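Since the structure comes first, as structure tokens, the remarks are kept for the end.
As the structure is a prediction and not an experimental result, all values here were calculated from the model. Values below: every heavy atom of this structure, side chains too, minus hydrogens, waters and symmetry copies.
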Amino acid sequence: MKRLPPEYYLHPDVVFLARDLLGKALMTNIDGKGVTGGIIVETEAYAGETDRASHAYGGRRTRRTETIYQKGGVAYIYLCYGMHHLFNVVTNIEGIPHAILIRGIKPIIGQELMAHRTGKRPEKLQTLNGPGKLTKALGITTRQDKTFLYDNNIWIEETSLQSNEKQIISGPRIGVDYAGEHAQWPYRFSLLLTG
DNA sequence: CGGCCGATCCACT
DNA sequence: GTGGATCGGCCGA
């Protein structure tokens with residue numbers, strides 16, 4: 001399928017993109033070791049400087065958060081709880097730190113390799129729900145931070161799923177209680193897949 | 001330089 | 001429902 005072009009990620013509305021990414025396919029071929037991928041079924045939008053849940057809240061710029069300020073179309077990957085590598089899609093133009101956390105995928109290719117990476121049986125990989133789990137299965141680590149999402153390590157593809165057949169539900173984001181009332185914003189999106 | 005803690009997950013009870 | 005694993009980033013001194 002066709003890869004999302006670099007311009008796709010420049011859209012100014014990160015919430016729109018968080019919804020739009022549902023049903024597209026997140027693919028990896030880390031160091032050419034094998035293609036793995038799945039349909040994106042859960043996302044969360046992080047709306048930058050005005051969003052208390054965002055790492056870039058208040059315009060904070062550090063070595064880690066610098067990635068989010070890059071031009072849309074790169075990966076923002078960071079280590080969480082000392083053991084989980086969380087994958088985000090950076091969006092918007094350079095200087096506006098918007099990002100979308102990928103929280104769940106439905107595996108469609110490379111199940112053998114993903115099973116090997118996660119230590120699970122292939123048939124147990126019906127869905128990879130959890131941002132730390134899916135990166136492990138896809139072979140994504142902080143080594144791919146700042147990776148351009150239009151090369152041969154990590155990319156996102158169109159699928160045959162049409163936007164008018166997407167059933168989407170929204171709700172508050174997970175694990176961001178520190179963000180106060182911003183944690184209640186309905187910036188989490190899930191795709192309901194029938195069959 | 002020391003200490004705290006997180007956009008989590010899994011094994012237990 | 002609870003707690004342990006595990007470590008880089010961040011902040012305050």
Side-chain angles (χ1 to χ4, degrees), chain A residues 9 13-22 24 26 28 36 38 40-70 72 74-92 96-107 114-147 149 154 156 168-191:
Chain A
Y9 302 99
D13 186 346
V14 69
V15 174
F16 169 85
L17 283 181
R19 295 179 65 104
D20 197 68
L21 280 174
L22 294 172
K24 305 207 184 312
L26 174 60
T28 65
T36 51
I40 297 170
V41 296
E42 189 176 342
T43 61
E44 279 177 0
Y46 285 85
E49 304 192 9
T50 57
D51 180 357
R52 219 173 289 154
S54 168
H55 290 167
Y57 175 62
R60 40 183 294 123
R61 282 180 102 122
T62 65
R63 170 109 100 263
R64 179 179 67 157
T65 64
E66 194 59 32
T67 306
I68 322 175
Y69 291 83
Q70 289 193 191
V74 297
Y76 169 50
I77 302 158
Y78 70 95
L79 188 64
C80 189
Y81 293 101
M83 59 192 86
H84 301 294
H85 302 260
L86 270 51
F87 172 80
N88 298 253
V89 175
V90 174
T91 70
N92 216 314
I96 300 188
H98 287 180
I100 298 163
L101 173 67
I102 307 300
R103 294 193 59 93
I105 64 171
K106 178 182 169 62
M114 290 194 280
H116 180 252
R117 284 172 175 151
T118 56
K120 297 186 186 302
R121 316 206 128 207
E123 57 271 24
K124 189 88 169 72
L125 292 178
Q126 277 301 99
T127 63
L128 283 165
N129 56 322
K133 275 195 278 189
L134 67 92
T135 55
K136 189 172 185 187
L138 294 172
I140 294 173
T141 69
T142 51
R143 210 159 58 84
Q144 281 82 40
D145 184 51
K146 299 185 176 64
T147 293
L149 297 176
I154 309 175
I156 301 177
I168 297 172
I169 60 175
S170 63
R173 292 170 293 186
I174 303 294
V176 294
D177 291 346
Y178 59 84
E181 62 191 55
H182 294 195
Q184 298 308 312
W185 291 355
Y187 278 12
R188 176 187 181 212
F189 301 100
S190 299
L191 178 65

query: Under the ring-ring contact (aromatic ring centres under 6.0 Å, His included) test, which residues partner A:His182, sequence neighbours left out?
result: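 If we apply the ring-ring contact (aromatic ring centres under 6.0 Å, His included) test to A:His182, skipping adjacent residues, the hits are A:Trp185.
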- request: Sort by first number and list every stem of DNA chain C: at least 3 consecutive Watson-Crick or G-U wobble pairs, both distances under 3.5 Å.
  value: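 Stems (3+ consecutive pairs) listed as B:1-6 with C:7-12, B:8-12 with C:1-5.
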What distance separates [X] [atom1] from [Y] [atom2], expressed to the nearest 0.5 Å?
X       : Y        : atom1 : atom2 : value
A:Tyr76 : A:Thr65  : OH    : OG1   : 6.5 Å
A:Ile68 : A:Asn88  : CD1   : CG    : 7.0 Å
A:Leu86 : A:His55  : CG    : NE2   : 8.5 Å
A:Ile77 : A:Ile102 : CD1   : CD1   : 11.0 Å

query: Counting only heavy atoms not in A:Gln126, do more than 12 fall under 6.0 Å of its CD?
result: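 No - once you tally the heavy atoms of other residues, nucleotides and ligands closer than 6.0 Å, there are 12 at most.
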A:Lys146 atom NZ, neighbour heavy-atom count above 12 within 6.0 Å: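 More than 12 within 6.0 Å, yes.
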Show the distances under 3.5 angstrom between N or O atoms of the protein and N or O atoms of nucleotides 11-13 of chain C.
unit_1, atom_1, unit_2, atom_2, d
C:dC11, OP1, A:Arg60, NH1, 2.9

- prompt: If we take the P atom in both B:dC12 and C:dT6, what is their distance in whole Å?
  reply: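 Those two atoms are separated by 15 Å.
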C1'-based separation of C:dG8 from B:dC10 [nearest Å]: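 My reading of the C1' atoms in B:dC10 and C:dG8 gives 22 Å.
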Test item: [X] and [Y] side chains (from C-beta on) under 4.5 Å apart, heavy atoms:
X        : Y        : value
A:Ile154 : A:Leu26  : yes
A:Lys133 : A:Thr118 : no
A:Thr36  : A:Arg117 : yes
A:Tyr187 : A:Val14  : no
A:Tyr69  : A:Glu49  : yes

Rounding to a whole Å, what distance do you find between [X]:[atom1] and [N]:[atom2]?
X       : N     : atom1 : atom2 : result
A:Ile77 : C:dG8 : CD1   : C1'   : 15 Å
A:His55 : C:dG8 : NE2   : P     : 16 Å
A:Leu79 : C:dT6 : CG    : P     : 12 Å

field: chain A contact limits on DNA chain B, taken 5' to 3' with a cut-off of 4.0 angstrom to heavy atoms
entry: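 From 5' to 3', the first and last contacting nucleotides are B:dG6 to B:dC10.
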Expected rows: protein N/O vs nucleotides 1-4 of chain C N/O, under 3.5 Å:
none

Classify [X] by what it touches in the nucleic acid, base, sugar-phosphate, or nothing, heavy-atom distance under 4.0 Å.
X        : answer
A:Leu101 : base
A:Lys120 : sugar-phosphate
A:Arg173 : nothing

Residues in side chain to side chain donor-acceptor pair (under 3.5 Å) contact with A:Asp13, at least two apart in sequence or another chain: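 Partners of A:Asp13 under the side chain to side chain donor-acceptor pair (under 3.5 Å) test: none.
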